[in-house]
Each structure stands twice: as C-alpha cells, then as structure tokens.
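Reminder, nothing fancy here: chain letters follow the sequence lines and each chain counts from 1. Bear in mind that the values here come from a model prediction, so they are computed numbers and not experimental data.
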Number of protein chains: 2
Amino acid sequence: MNQRDRVPTAFLRPTPSELGILRVLWRLGPCTVREVHEALSAEEKTGYTTVLKFLQIMHGKGLVERDETRRAHVYKARLAQRQAQRLMTSQLVDGVFDGSMSKLVMAALGDSGPATPAELAEIRELLDKLERGET
Amino acid sequence: MNQRDRVPTAFLRPTPSELGILRVLWRLGPCTVREVHEALSAEEKTGYTTVLKFLQIMHGKGLVERDETRRAHVYKARLAQRQAQRLMTSQLVDGVFDGSMSKLVMAALGDSGPATPAELAEIRELLDKLERGET
DNA sequence: CCCAAAACACGAAAGGCTTCGTAGTTCTTC
DNA sequence: GAAGAACTACGAAGCCTTTCGTGTTTTGGG
C-alpha cells in the first residue's frame, strides 16, 4: 500500500463492530486480542476468535497497526480518536448538512440536552477566539 | 414520543448509495424513479433499474414512502432532512465523541475553516438563548 | 521432553449491498 | 388494435460483513 495513503479509505465508513473495537483501543491504548475481547465482553457477548478475526481484517484494511514481536500480537488504532472525529464529522457534514459545518453546530447545540454551563462557557470562549483570531 | 417505529432502524446506517438518493429526495421533494435517476445521473453513472431497485429496497426498509396511485410511483423520504440530521448527529456523538455533544461542537468549530461572521453571530445568539432560556 | 493452555490462521456459512439483465405490464399514438 | 415506449417486478452474480469452528503453532511448567 501507498505510504502516502495516510488515511485509509476504510475509515470513511467503519462498521459498528469496527467502531466498537476502535473505541476500546482509543480508551485503553495498544491492546492484545485478549484485552480487547475482555473489554468488549463487558458490553456485548462476542467470541474470542470473532474479535481476533475483526482485528485481522481491520489490520488488512489499515484501520489498525500490529506489533508482532511478541507472541500475543499488540494492536493499535491507526488513527487517533481526534483524527477519526475530524474525518467522520466532515463525512457527516457532506452527507446530510449540505456541506455546512455551521448547520451541524446549530443542530448539535439545538438538539442536545443543552450542554452544561461549563461546556457552554467553553464553547463561547472558542467562539471569541475564532472571532478575534482569524478572519 | 414513541408512537410506532417512527424512525426506521435502517436510518441508523444509511449506505452511501442510499444517502445519495435521499439527498435527491430532500432537494427535489417527492420524485418518480425517472426523476431521481436523472438527478443522480448528473454526478454518477447509474442504470435506471439500479435506482429503481434501490428505491424498492429502501421502501422495504421504510426509508422512503411510495405513492402508487399513478403508474409511475412517486417516492418520498420518510424522514425530513432535519430529522436525519438529528439522528445521524447523535449517532456520531455516541460513536466517536464519547457521547459528548459539546465535544462535537468544539471539534466542528475548531476544524472547519472558521465559519463566516454571520454564522458565528448566529451561533452566539443560539448560545445566549440556551444560557438564558431553557435548562 | 511432553502436555495443556494460549495464541494465531484459515475457511466457511449466512446475510446484506450493489449492480444489472430480463421479462412482464400498462400506456400512447398512429 | 398493434407497435413501441415507459414502468415495475424479479432474480442472480459478485463482493463485503459478521460470526464462529477447527486446526496448527508456540510456550511455560512438571
């Protein structure tokens, strides 16, 4: 595969199962299959080999990296959570918000059980910075 | 709030093709297969019967409604774009933002080429309303 | 050294997505 | 009223996802 392919195209549409595994990897950092399986078992009933197979497939797709130096391979998310957030957010914006990021923000603010005051303040601060800093 | 499967579960994960069709229906309103096909053909090369089949399948899934009173059936998106935005946004928030809507907002505001001043003002106004009005 | 436990690889089945081709039905126009 | 256009329905092929079961390899303890 091309080294410049920094963002695997598979990331454009991770399946729910893949996301579940990625979430574990983001939360716990690099993990063996067993560790992922145990973390996942807390919520869903999944066979060990199912998780193994997923990680193998995800490795094939470039969604995760694999360290094979030890017997129990260690898997690691290829993209940081931040990057995945960026990607998938712009996916969503393109898909259903007519490409308008601010429509997304409006919808999110309007729909959410309104964020806590602290969060609102944080957002406001970011707005200030945006209005001053750039433009 | 739960009348009777108001939101088809298929909406939780529309495929790219399905989204393409839904976007046409949102933009043009209720359409015949031919109309959808023509709108879609502007961007992609798709066979007429392919579009027909998609609409049939989407009808089966409950993604679209169908008026059969005329020979050329008329299809209509089951959910308004606004509702789809709501749904898919909260999907995204659950999936990669640890359930935090404000994290999404922060990411969107931070990543986007900063919105126009008018948009920023609009967002700020909504913030004000949130902080005062509801809780 | 041998065995059980732990780990990986592989394959396969069931179901979903995508894409059409073909066949049958209804409408329009001479 | 027959020919052809415009529609719908159906089925099938090829590929992807999800889920395991089996089989093989490695390893640590007795």
Can you tell me how far [atom2] of [N] sits from [atom1] of [X], to the nearest Å?
X: B/Ile21; N: C/dT18; atom1: CD1; atom2: C1'; result: 11 Å
X: A/Asp67; N: C/dA7; atom1: CG; atom2: C1'; result: 15 Å
X: B/Leu55; N: D/dA9; atom1: CG; atom2: C1'; result: 14 Å
X: A/Glu68; N: D/dT25; atom1: CD; atom2: C1'; result: 14 Å
X: B/His73; N: C/dC27; atom1: NE2; atom2: P; result: 11 Å
X: B/Met58; N: D/dA9; atom1: CE; atom2: P; result: 16 Å

Thinking salt bridges, do [X] and [Y] make one under a 4.0 Å N-O criterion?
X: B/Arg124; Y: A/Asp128; value: yes
X: A/Lys61; Y: A/Glu18; value: yes
X: B/Lys76; Y: B/Asp67; value: no

Readout for nucleotides 14-22 of chain D: B = base within 4.0 Å of protein heavy atom, S = sugar-phosphate only, - = neither; 5' to 3' it is ---SBBBBB

At less than 4.0 Å, is any side-chain N or O atom of [X] found next to OP1 or OP2 of [N]? Yes or no.
X: A/Gln56; N: C/dA9; value: yes
X: A/Arg66; N: C/dA9; value: yes
X: A/Tyr48; N: C/dC8; value: yes

Going by the rule side chain to side chain donor-acceptor pair (under 3.5 Å), which residues pair with A/Arg34 if we only count those two or more places apart in sequence or in a different chain? none

Can you tell me if CZ on B/Arg82 sees more than 12 non-hydrogen neighbours from other groups inside 6.0 Å? no

In A/His59, A/Arg66, A/Glu35, the residue satisfying side-chain hydrogen bond (donor to acceptor under 3.5 Å, both in side chains) with A/Tyr75 is A/Arg66

Side chains of B/Leu79 and B/Leu63 in contact at under 4.5 Å (non-hydrogen atoms): no

Of the candidate nucleotides C/dT26, C/dA9, D/dT8, which contains the atom at the shortest distance from the side chain of B/Arg71? C/dT26

Among C/dA7, C/dA9, D/dA9, the one nearest any side-chain atom of A/Leu52 is C/dA9

